[in-house]
There are 2 protein chains.
Amino acid sequence: MGTQAEPRKLLSRERVLRTAIKLADESGLGAVTMRRLAEELGAEAMSLYYHVSNKDDVFDGMAELIGQEINEAAAGVSTHDGGWKAAVRQRILTAREVLLLHPWMPSLLSIRNTASASIIAHHDAIVGLMHDGGLSYDLIHHGLHALGSRALGFAQELFDPGKGPVSDETISAMAAGLPNIAAMLAEVAHDDPASTLGWCDDQTEFEFGLDLILDGLHHRSSATS
Amino acid sequence: MGTQAEPRKLLSRERVLRTAIKLADESGLGAVTMRRLAEELGAEAMSLYYHVSNKDDVFDGMAELIGQEINEAAAGVSTHDGGWKAAVRQRILTAREVLLLHPWMPSLLSIRNTASASIIAHHDAIVGLMHDGGLSYDLIHHGLHALGSRALGFAQELFDPGKGPVSDETISAMAAGLPNIAAMLAEVAHDDPASTLGWCDDQTEFEFGLDLILDGLHHRSSATS
DNA sequence: GCGTAAGACTTACGATGTAAGAATCTTGGA
DNA sequence: TCCAAGATTCTTACATCGTAAGTCTTACGC
């Protein structure tokens with residue numbers, strides 16, 4: 001009997017948050033406004049406030065859900081028998097894979113530094129792996145600080161010293177004021193543009209830094225015990 | 001000739017940026033709005049646009065000035081004779097001291113990841129110190145990535161696992177879902193609340209992470225050469 | 001039918017960045 | 001001294017944002 005209009009799916013906190021994540025995935029965190037979010041849901045902005053207390057609550061909810069995604073992904077990966085270092089490494093790289101699907105997460109976490117339950121749980125798992133490996137809680141504590149955002153799979157890069165191929169002109173132009181960086185760029189010449197998580201945050205570079213820290217922790221653990 | 005009204009100091013890009021920094025120091029980055037900034041300068045919001053192209057330009061200018069402050073502070077510190085590691089460490093800790101005076105810098109840098117000239121110069125200096133110390137440019141390049149924001153004196157902390165004294169109730173409350181973190185907190189018990197740069201970013205923790213990375217670079221350098 | 005409460009909507013306000021153009025002030029040449 | 005021509009500042013206005021307050025709609029037990 002004719003068009004029965006759209007089914008008008010009900011709103012819910014879950015649906016709001018999922019839509020917010022989809023919106024951020026597609027158009028960036030800046031596109032997540034209450035009005036745009038409502039539009040995406042076929043509702044009005046103020047209607048969201050019945051399910052969500054305010055925008056920060058939306059942000060926190062998004063982080064919580066991504067944290068769950070990380071934990072689920074990690075649950076599906078067998079705990080290696082290669083020692084705590086391999087296990088922690090694995091967990092963190094798994095987290096990173098999830099974050100690569102949601103590149104806005106780093107920004108979100110820097111805006112809202114409240115700890116969501118699922119992200120704390122992720123850290124709890126890391127602490128557990130380290131402790132099982134024989135590290136003291138004191139060392140683990142220092143280690144968590146040393147890892148910082150790396151525990152979640154990303155590193156804050158301050159700028160992008162070599163996005164794309166560095167032209168020779170660029171190098172000679174900066175050679176005057178920045179002799180050392182110029183020399184480095186001339187020699188290193190980033191060639192793998194397979195980056196993405198924000199800013200020049202290569203998988204290779206990420207793993208290098210991660211291993212540097214894990215090795216350091218391992219060394220300090222062996223030396224002490 | 002009575003009161004001659006206020007002298008009405010002239011606006012200038014310099015004055016706008018300095019005032020923005022002062023405002024951020026006093027009331028946080030969120031207080032830096034064009035109107036508030038204008039008010040502070042005894043002018044109208046739109047008048048600023050003659051000296052500054054937009055708000056992002058203000059942010060970039062602030063970062064540039066802080067970068068200069070870092071470089072000036074570093075210039076006043078003698079380059080040690082303790083090898084490249086001590087020299088780099090010194091430079092980074094000096095940068096950190098400046099950042100501690102401007103706790104909003106981390107947030108600013110995460111919002112505007114454009115590279116200001118002075119901050120690039122700071123990195124150039126670090127590259128120089130490392131190269132003088134015999135590190136290969138390739139290793140230096142990796143090292144810079146590994147350092148990330150730490151090169152400027154801060155580390156992104158995701159949340160604050162132990163701000164202030166951790167109450168026993170808190171620990172027993174979380175013991176159920178987070179056995180490992182609970183156990184760690186029970187044992188470690190943060191006791192030095194002399195933190196500040198954002199979130200639980202102790203000087204001690206910062207230096208621990210910094211040394212972990214520098215030691216790792218040193219080790220990888222020795223092994224290769 | 002009818003109250004009742006959950007859920008969605010309307011309207012409105014203050015804050016923000018900034019476009020467009022008017023007003024004022026400064027300065028140098030006639 | 002006067003006046004044209006920048007240089008600088010101000011006025012007004014608009015779009016967008018988060019959200020407070022209150023109203024309408026719908027579903028359902030009686």
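Within every chain, numbering begins at 1; the chains are lettered A, B, ... in the order of the sequence lines, protein sequences first and strands thereafter.
The distance from atom CZ of B:R36 to atom P of C:dG14 is 19 Å, rounded to the nearest whole Å. Distance, A:E39 CD to C:dA8 P: 17 Å, rounded to whole Å. Between B:L48 atom CG and D:dT8 atom P there is a gap of 14 Å when expressed in whole angstrom units. Atom C1' of nucleotide C:dT10 and atom CE of A:M34 are separated by 16 Å, given to the nearest angstrom. The CG-C1' distance, from A:L37 to D:dC17, rounds to 14 Å in whole Å. Atom pair B:R35:CZ and D:dC10:P shows a separation of 14 Å (rounding to whole Å applied). Between the CG atom of A:L41 and the C1' atom of C:dG7 there is a distance of 14 Å, rounded to whole Å. Between the CD atom of B:E44 and the C1' atom of D:dC10 there is a distance of 6 Å, rounded to whole Å.
Minimum atom distance to the side chain of A:L10 is reached by C:dA8, of the listed C:dA8, D:dT9, D:dT19. Nearest nucleotide to the A:L11 side chain, out of C:dA8, C:dT16, D:dT19: C:dA8. Residue B:A45 has its side chain nearest to C:dT18 when only C:dC9, C:dT18, C:dG17 are considered. With distances taken from any side-chain atom of A:Y50 to the nucleotides C:dG7, D:dT9, D:dG18, the minimum falls on C:dG7.
At the phosphate of D:dT8, neither OP1 nor OP2 sits under 4.0 Å from any side-chain N or O atom of B:S47. The side chain of B:H51 places an N or O atom within less than 4.0 Å of a non-bridging phosphate oxygen (OP1 or OP2) of D:dT9.
A salt bridge links A:E207 with A:R89: the closest approach of a Lys/Arg side-chain nitrogen to an acidic carboxylate oxygen falls below 4.0 angstrom.
Comparing B:M46 and A:S53 against DNA chain D, the residue whose closest nucleotide sits nearer the 5' end is B:M46.
There is a side-chain donor-acceptor pair under 3.5 Å between A:H102 and A:E69.
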Intermediate values then yes/no, ring-ring contact (aromatic ring centres under 6.0 Å, His included), A:H145 and B:F208: CA-CA 9 Å; A:H145 276 285; B:F208 178 88; 9.3 Å; no

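Here the closest heavy-atom approach between residue B:D124 and residue A:I181 is recorded as OD1-N, 2.6 Å.
With B:F206 as the aromatic partner, B:R96 meets the cation-pi criteria of under 6.0 angstrom to the ring centre and within 45 degrees of the ring axis.
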